[in-house]
Amino acid sequence: MAAGSPLNVLGGPLESCCISPYKTGYFRDGYCRTDEGDQGRHVVCARVTAEFLEYSKSKGNDLTRASPQNSFPGLVDGDRWCLCAVRWREAVEAGCAPPVWLKSTQAKVLEFVTMEQLKAHALDLE
């Protein structure tokens, strides 16, 4: 990403969340970054779990269903994907939040969740 790019929650450069076969993120460039047009704030890079996918479906957002016209493949347990900050927070509160990659999660998420919540679910905490 170019100079002036968003930072991750650890203060470093935002790393890619996933690149193939479909690119994730609001901009479909593989990065969990946002702008004012992204009402969902797709800034959490997560490894989705079956439990989270079922939870999201129960809330009216079936992430397992493909939508090719929107470049969305449908997700399965283990996929990496940029999730909405508020939905991830709700999943934390419900006890079913999927694990996250901090280096690929945009710092903007800290407007919605705490660093402690993220660290408790981190896959790349060193």
Side-chain angles (χ1 to χ4, degrees):
M1 295 191 73
S5 297
L7 298 176
N8 65 42
V9 294
L10 299 173
L14 186 65
E15 295 181 8
S16 176
C17 184
C18 88
I19 55 171
S20 66
Y22 289 91
K23 291 184 179 180
T24 188
Y26 177 70
F27 296 101
R28 291 295 191 254
D29 61 359
Y31 291 87
C32 300
R33 60 190 183 95
T34 191
D35 72 6
E36 295 308 314
D38 176 15
Q39 294 181 355
R41 299 292 186 247
H42 295 78
V43 294
V44 179
C45 180
R47 182 182 70 205
V48 297
T49 61
E51 182 182 24
F52 173 77
L53 292 170
E54 203 47 48
Y55 173 77
S56 185
K57 185 176 181 179
S58 77
K59 296 295 183 182
N61 187 15
D62 185 359
L63 296 172
T64 64
R65 196 156 132 203
S67 178
Q69 67 273 20
N70 294 315
S71 298
F72 182 69
L75 302 177
V76 297
D77 185 21
D79 283 346
R80 289 177 72 142
W81 204 254
C82 296
L83 301 179
C84 296
V86 172
R87 180 56 44 108
W88 191 82
R89 181 184 67 204
E90 291 169 352
V92 167
E93 293 165 356
C96 61
V100 299
W101 278 276
L102 300 177
K103 293 176 184 173
S104 299
T105 296
Q106 187 182 2
K108 188 92 170 161
V109 74
L110 296 172
E111 296 175 12
F112 303 94
V113 300
T114 67
M115 190 63 174
E116 291 73 28
Q117 289 172 313
L118 290 166
K119 284 182 176 180
H121 294 85
L123 292 165
D124 59 349
L125 192 58
E126 297 167 355

Between Cys45 and Cys18, is the SG-SG gap less than 2.5 Å?
->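 A disulfide is absent here, as the SG pair of Cys45 and Cys18 is separated by 2.5 Å or more.
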Would you list the atom pairs, donor with acceptor, under 3.5 Å between side chains in residues 115-122 and any protein atom, with sequence neighbours excluded?
| residue | atom | partner | partner atom | Å |
| --- | --- | --- | --- | --- |
| Gln117 | OE1 | Thr114 | N | 2.8 |
| Gln117 | OE1 | Thr114 | OG1 | 3.4 |
| His121 | ND1 | Gln117 | O | 2.9 |

Hey, could you give me the [atom1]/[atom2] distance between [X] and [Y], rounded to the nearest 0.5 Å?
X: Thr105; Y: Glu15; atom1: OG1; atom2: CD; answer: 10.5 Å
X: Asp79; Y: Thr24; atom1: CG; atom2: OG1; answer: 9.5 Å
X: Leu75; Y: Leu63; atom1: CG; atom2: CG; answer: 5.5 Å
X: Leu123; Y: Arg80; atom1: CG; atom2: CZ; answer: 8.0 Å

Distance-minimising heavy-atom pair for [X] and [Y]:
X: Val44; Y: Ala85; result: CG2-CA, 4.0 Å
X: Gly30; Y: Ser16; result: O-OG, 3.4 Å
X: Ala107; Y: Val9; result: CA-CG1, 3.8 Å
X: Cys82; Y: Cys17; result: SG-CB, 4.1 Å

So, do [X] and [Y] sit near enough that their side-chain heavy atoms are less than 4.5 Å apart?
X: Cys32; Y: Trp81; result: no
X: Ser67; Y: Gln69; result: yes
X: Phe52; Y: Leu83; result: yes
X: Arg47; Y: Trp101; result: yes
X: Asn8; Y: Leu14; result: yes

Pairs in or reaching into residues 49-62: which pass side chain to side chain donor-acceptor pair (under 3.5 Å), with residues at least two apart or in two chains?
-> Asp62-Thr64
Please state whether the rings of His42 and Tyr26 are parallel, tilted or perpendicular, taking 30° and 60° as the class boundaries.
->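 Parallel: the ring planes of His42 and Tyr26 meet at under 30°.
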Check for me, please, whether [X] and [Y] land in the same ILVMFWY cluster - side-chain distances under 4.5 Å, paths through other members count.
X: Leu125; Y: Val109; value: yes
X: Trp88; Y: Val86; value: yes
X: Val76; Y: Val100; value: no

With sequence neighbours left out, what residues match Thr34 under side-chain contact (heavy atoms from CB on, under 4.5 Å)?
-> Asp38, Arg41, Val43, Gln106, Lys108
Evaluate whether atom CZ of Arg28 has more than 12 neighbouring non-hydrogen atoms of other residues, nucleotides or ligands under 6.0 angstrom away.
-> yes
